[in-house]
Colleague: 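To start, I am sharing the structure in question, which I have written as C-alpha cells.
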Amino acid sequence: MTFMTRLAAAAIFSLPTVLPAAAQEGTLNISVGFISSDPVPDPRAGYNGWMSNQTGVTETLMGIDYELNLYPRLAENIEQAAPTTWRVRLRDGLTFHDGTPVTAQAVVDAITPISTEDHPGYNARIANLLDLSSLSTGGDQVVVFETNSPNAAFPWTLSEPGIAVLGATSDDFPINGTGPYVFQEAIPEQLYRVTANTDYRLGTPGFEEVRVVGIPDPGASALAFEAGEVDMVINYPETDFARIQEAGALGFSAPTARLYFYTVNAASGPMSNPLIRRAVSVAIDRDGIVDAALSGVGGVPAGTVYPAGLGWAADIDPVYDPALAEQLLAEAGAVKEGGIWMLDGAPLEIDIVTYSSRAALPPTAELTQAFLQAIGVTANVRVGEYGASNDAIAAGDADMFLQAWVTTPQGDPGAVLEALLKSTGGSNSGGYNNPELDQLLADGRTTFDQEGREAIYDQVQEIIASDTALIPVFHVSQTNVARAGLTGYAVHPTETYWITHETAMTK
C-alpha cells in the first residue's frame, strides 16, 4: 500500500486512544490542506514560494522574525543609495544546492523573470510589489535594485517568499535553492518531498526527509494524524485541539497576521452608508464567534487590521454594543417596526457572501447573520467559491464579503491595505473610495522614518475604524499539532516559515 493510499484509508479507521509512533525514523510527515498542481512548482509563480520557503528549500534576501521584525537573511546588509536605489550585499560563502556559488548575477537571473511576462516565473502580484525599473550587479556580491518611485516598503518586499534566490535548474536540482532542505519531487495536489541539505551553512537539518501531503478535508487530516500516517498537521481542527493534546500530542497555537474580515459594498446598497456599516460592525459579538466557531483557541477578536503585539497595530479594541448598533441605525434613517428595521419603506436586508475553503468562514458568516437578526436586521448568507463571492460584491449583488488574508505577508503594513482599500486597489471589490486614505497610503510608501511610518499607519487604522472601511472580525491563532518530541518549532505570524535546520524530533 502506498503512502498516499494509506492516508486515504486512514479516514475510515476508528480513532485510537493512544497516538502511535512515527512510521519512519528521520522523516517528518506534515499534513496541509493544499498542494500545488504543478509537478515542479516554480517558487516565483503564484504562491508556490510559500511552500518552498515553509519547507526550507528556498530562502530570501531579507526575512521576517517571530515579532514581525525585518532582518537580513541571505543579504549581509541593505542600504538606500538614492531615493529609488537599493544596494544589497550578499553574505560571503553562500552556495546553491548544486554547490555553485551564490553571486549577484545569479540573484539578478533569479529575480528578473518575476517581471518578465512570457517567463513561467512571471508573477504580476510580486512584480507590482517590486516596481523595478532596473536590476543589475555592482560586483560579484552586490545587487542593485532601481525602483520606479521611492518606496520605504522595498526592504520588506525582499522577504516575500516568491522572491526566492534560485540557481540554474537541472534534472538533479529542478528547484535549486539555498536552504536546509533540497527539493526532490512534487506530486500535483498530493505531495511535496524534500531531503536534508547536509552542507547547509547553519548546520545539518534535524530530519533526513520532510514529506508534505495534501489532505483538503480537516477531519481526514485529523484521522490520519491519530492513525500515525502523519506526524504533524498544519491547521488542525480547533474543535478537537484540546482533546488531541490530552491524548499525548503537542499543540502549537499562536496569533497570526491572518485576518478574517468583511469587505463592505461601499459603492451601493445599505452598506454604502457609513452609519449602517458601523452599526453592523458593533452588532457582531467577536468573542462569541471565537468561542463558537473556533472553540476559543483558534482566534483573537480583532479591533483593527493588524494583530496586537506584533508590530504596526494601533490601539483599537473591538466593540460589541447592540444598543449602539440600533442607535446608529436610527441615525441612518432606519425605523424599527414590529421588531424589524425598515429602510425607505422596506426591511433592511444585508446579503453576506463567503467561500468554504477555510473551515471557519461559513460558521462565522452564519453567526454574523444571527447577531444581525438579533437586533432586527434581516441577513442572508451565501457560501460559494472565492471568485464568485468576489464577483458578487464587485457587481453590487452582495453587501458583505467575508474573507481571510494575511495582512502583513512581508511584514510591512502597506501592500495589503493598498490592494483592499485604495481607490485603485486591485482587490478593492467593495468600491471603497477615500482620498484622505489614499494619500496616507501613498505617504506610507514615501516616508522612510520608522516612527513617521508608524504614525501614518496608525492614522490609516483610525480612518478604517471610524469609517468602517472594512470590518475586522478576528485574527487567526493557527492551531497545529505534532507527535511528542518535536523541538525547534513555533507558529510564525506570517504562516510562511515552518521547518528550519533546528527543527527536530527527540526520541
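Only this structure's heavy atoms are used, side chains among them; waters, hydrogens and symmetry mates stay out. Here, residue 1 is the first one in the sequence, and each next residue gets the next number.
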Colleague: Can you tell me if Asn434 and Tyr432 form a side-chain donor-acceptor pair at under 3.5 Å?
Modeller: yes

Colleague: Decide if the gap between the ring center of Tyr262 and the ring center of Phe401 is smaller than 6.0 angstrom.
Modeller: no

Colleague: Distance only, no hydrogens: is a donor on one side chain within 3.5 Å (strictly under) of an acceptor on the other, for Asn380 and Asp351?
Modeller: yes

Colleague: With rounding to the nearest 0.5 Å, note down the distance linking CG in Asn390 to OG in Ser427.
Modeller: 7.0 Å

Colleague: State which residue, out of His475, Arg286, Arg358, fulfils the side chain to side chain contact (heavy atoms under 4.5 Å, CB included) condition with Tyr260.
Modeller: Arg358

Colleague: Strictly by modelled atom types, are Ser37 and Glu189 linked by a side-chain donor-acceptor pair under 3.5 Å?
Modeller: no

Colleague: May I ask you to check whether Gln410 and Ser159 show a side-chain donor-acceptor distance below 3.5 Å?
Modeller: no

Colleague: Would you say OH of Tyr320 has more than 12 non-hydrogen atoms from neighbouring residues, nucleotides or ligands within 6.0 angstrom?
Modeller: yes

Colleague: May I ask you to check whether Phe183 and Tyr192 place their ring centres under 6.0 Å from each other?
Modeller: yes

Colleague: Give a yes or no on whether a salt bridge exists between Arg243 and Glu226, defined as a side-chain N under 4.0 angstrom from a carboxylate O.
Modeller: yes

Colleague: Between Tyr497 and Gln54, is there a side-chain donor-acceptor contact under 3.5 Å, judged purely by atom types and distance?
Modeller: no

Colleague: Before accepting this row, confirm whether a basic side-chain N of the pair Arg201/Glu59 lies closer than 4.0 Å to the acidic partner's carboxylate O.
Modeller: yes

Colleague: Is the number of heavy atoms from other residues, nucleotides or ligands under 6.0 Å of Glu185 CD greater than 12?
Modeller: yes

Colleague: Taking the side chain as every heavy atom from C-beta outward, state whether Ile350 and Met271 have any atom pair closer than 4.5 Å.
Modeller: yes

Colleague: Does one side chain, of Thr195 or Gln184, offer a donor that lies under 3.5 Å from an acceptor on the other?
Modeller: yes

Colleague: More than 12 heavy atoms of other residues, nucleotides or ligands under 6.0 Å from CD of Gln450: yes or no?
Modeller: yes

Colleague: State plainly whether the residues Asp467 and Arg278 are in salt-bridge range, i.e. N to O under 4.0 Å.
Modeller: no

